[in-house]
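Reading through the structure tokens given below for one structure.
Just so we're on the same page: letters track the sequence lines, and every chain starts at 1.
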Amino acid sequence: MDREEYVEAVLRAVESIPEGSVATYGDIAEYIGQGGPRQVGAIMREYGATVPWWRVIRASGVPADEVGDEQLHRLRSDGVRITNGRVRLRDVRWDPQD
DNA sequence: CTCATGACGTAAG
DNA sequence: ACTTACGCCATGA
């Protein structure tokens, strides 16, 4: 799998996250079966603007510093419960079969 | 080829 | 719960 294919795979995965669900960087990498969280983050930094980027968050449930509050606002408008600047992954974590 | 970097993750203190 | 360390590994200099 070359880089272009990898980029496409990441973007497709993110597009498939339904409203109301949230995935971690690691989830995306695992789903693709290639690379790791840092690679996914690198792709998001470069191409994230073209997909629902706000549905991808750190495993801790806290947004990446770069996006911060903007991400929390968008998630809340998706109907995701936010408590203390934090997403409850327990409740909303993406399941690829959706 | 070596080196630094980083929308990350996890363990340890 | 917070902070620090370290592992990770593709990418660019």
Side-chain angles (χ1 to χ4, degrees):
Chain A
M1 177 179 260
D2 63 22
R3 178 164 171 87
E4 182 185 350
E5 292 174 315
Y6 189 67
V7 169
E8 289 304 314
V10 169
L11 298 182
R12 275 199 309 276
V14 175
E15 280 171 342
S16 75
I17 305 169
E19 182 176 322
S21 292
V22 178
T24 69
Y25 297 91
D27 288 342
I28 302 296
E30 186 182 350
Y31 173 74
I32 295 170
Q34 198 80 200
R38 308 196 77 132
Q39 282 65 249
V40 172
I43 302 301
M44 292 303 285
R45 183 175 51 126
E46 196 169 359
Y47 304 99
T50 64
V51 293
W53 55 266
W54 58 92
R55 295 178 187 152
V56 184
I57 201 168
R58 287 179 179 155
S60 58
V62 176
D65 300 343
E66 277 207 36
V67 284
D69 303 314
E70 174 67 9
Q71 178 159 27
L72 294 177
H73 284 127
R74 286 179 177 273
L75 283 173
R76 191 148 65 170
S77 76
D78 269 9
V80 175
R81 176 92 48 103
I82 309 293
T83 58
N84 293 31
R86 204 179 169 114
V87 174
R88 296 199 174 198
L89 280 171
R90 286 290 126 106
D91 304 339
V92 299
R93 196 164 191 168
W94 180 48
D95 176 1
Q97 79 182 346
D98 309 330

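In this structure, the side chain of A:Y25 does not engage the main chain of A:M44 through any donor-acceptor pair within 3.5 Å. Judged by distance alone, with hydrogens and angles left aside, the side-chain atoms of A:E70 form no donor-acceptor pair with the main-chain N or O of A:W54 at under 3.5 Å. In terms of modelled atom types and a separation under 3.5 Å, the side chain of A:D78 and the main chain of A:V80 share no donor-acceptor contact. Side-chain N or O atoms of A:R74 include none that pairs as donor or acceptor with a backbone N or O of A:R55 at under 3.5 Å.
Straight-line distance from the CD atom of A:E70 to the C1' atom of B:dA7: 14 Å, rounded to whole Å. Between the P atom of C:dT11 and the CD1 atom of A:I43 lies a distance of 7 Å, rounded to the nearest Å. Atom CG of A:N84 and atom C1' of C:dC2 are 14 Å apart (whole Å). Distance OH (A:Y25) to P (C:dA10): 19 Å, rounded to an integer number of Å. The interatomic distance linking A:R45 (CZ) with C:dG12 (P) rounds to 9 Å, in whole Å. Atom CD1 of A:I32 and atom P of C:dC9 are 15 Å apart (whole Å). For the pair A:Q39 CD and B:dT5 P, the computed distance is 17 Å after rounding to whole Å. Atom CE of A:M1 and atom P of C:dA10 are 13 Å apart (whole Å).
A:G26 comes within 4.0 angstrom of sugar-phosphate atoms only, judged by non-hydrogen atoms across all strands, and of no base.
Hydrophobic cluster membership differs between A:V62 and A:V22, with clusters built from Ile, Leu, Val, Met, Phe, Trp and Tyr side chains linked at under 4.5 angstrom.
Taking a pair as Watson-Crick or G-U wobble with both distances under 3.5 Å, the runs of three or more consecutive pairs in DNA chain B are B:2-6 with C:9-13, B:8-13 with C:2-7.
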Output, in order, the C-alpha distance, side-chain angles, deciding distance and verdict of salt bridge (charged side-chain N to carboxylate O under 4.0 Å, His left out) for A:D65 and A:R58. CA-CA 10 Å; A:D65 300 343; A:R58 287 179 179 155; 3.7 Å; yes

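Side chains of A:R93 and A:T24 form a contact here, defined as non-hydrogen atoms less than 4.5 Å apart.
The side chain of A:R38 approaches C:dG7 more closely than any other nucleotide in the set B:dA7, C:dG7, B:dG9. Here the side chain of A:T24 is nearest to one of B:dG9, C:dC9, B:dA7, namely B:dG9. Comparing C:dG7, C:dA10, B:dA7 against the side chain of A:V67 picks out B:dA7 as the nearest. Nearest nucleotide to the A:R58 side chain, out of B:dG9, C:dC9, B:dA7: B:dG9. Comparing B:dG9, C:dC9, B:dA7 against the side chain of A:A59 picks out B:dG9 as the nearest.
In this structure, A:G36 and A:R86 both approach DNA chain C, and ranking their closest nucleotides by distance from the 5' end singles out A:R86.
One finds a side-chain N or O of A:R3 lying less than 4.0 angstrom from the OP1 or OP2 phosphate oxygen of C:dT11.
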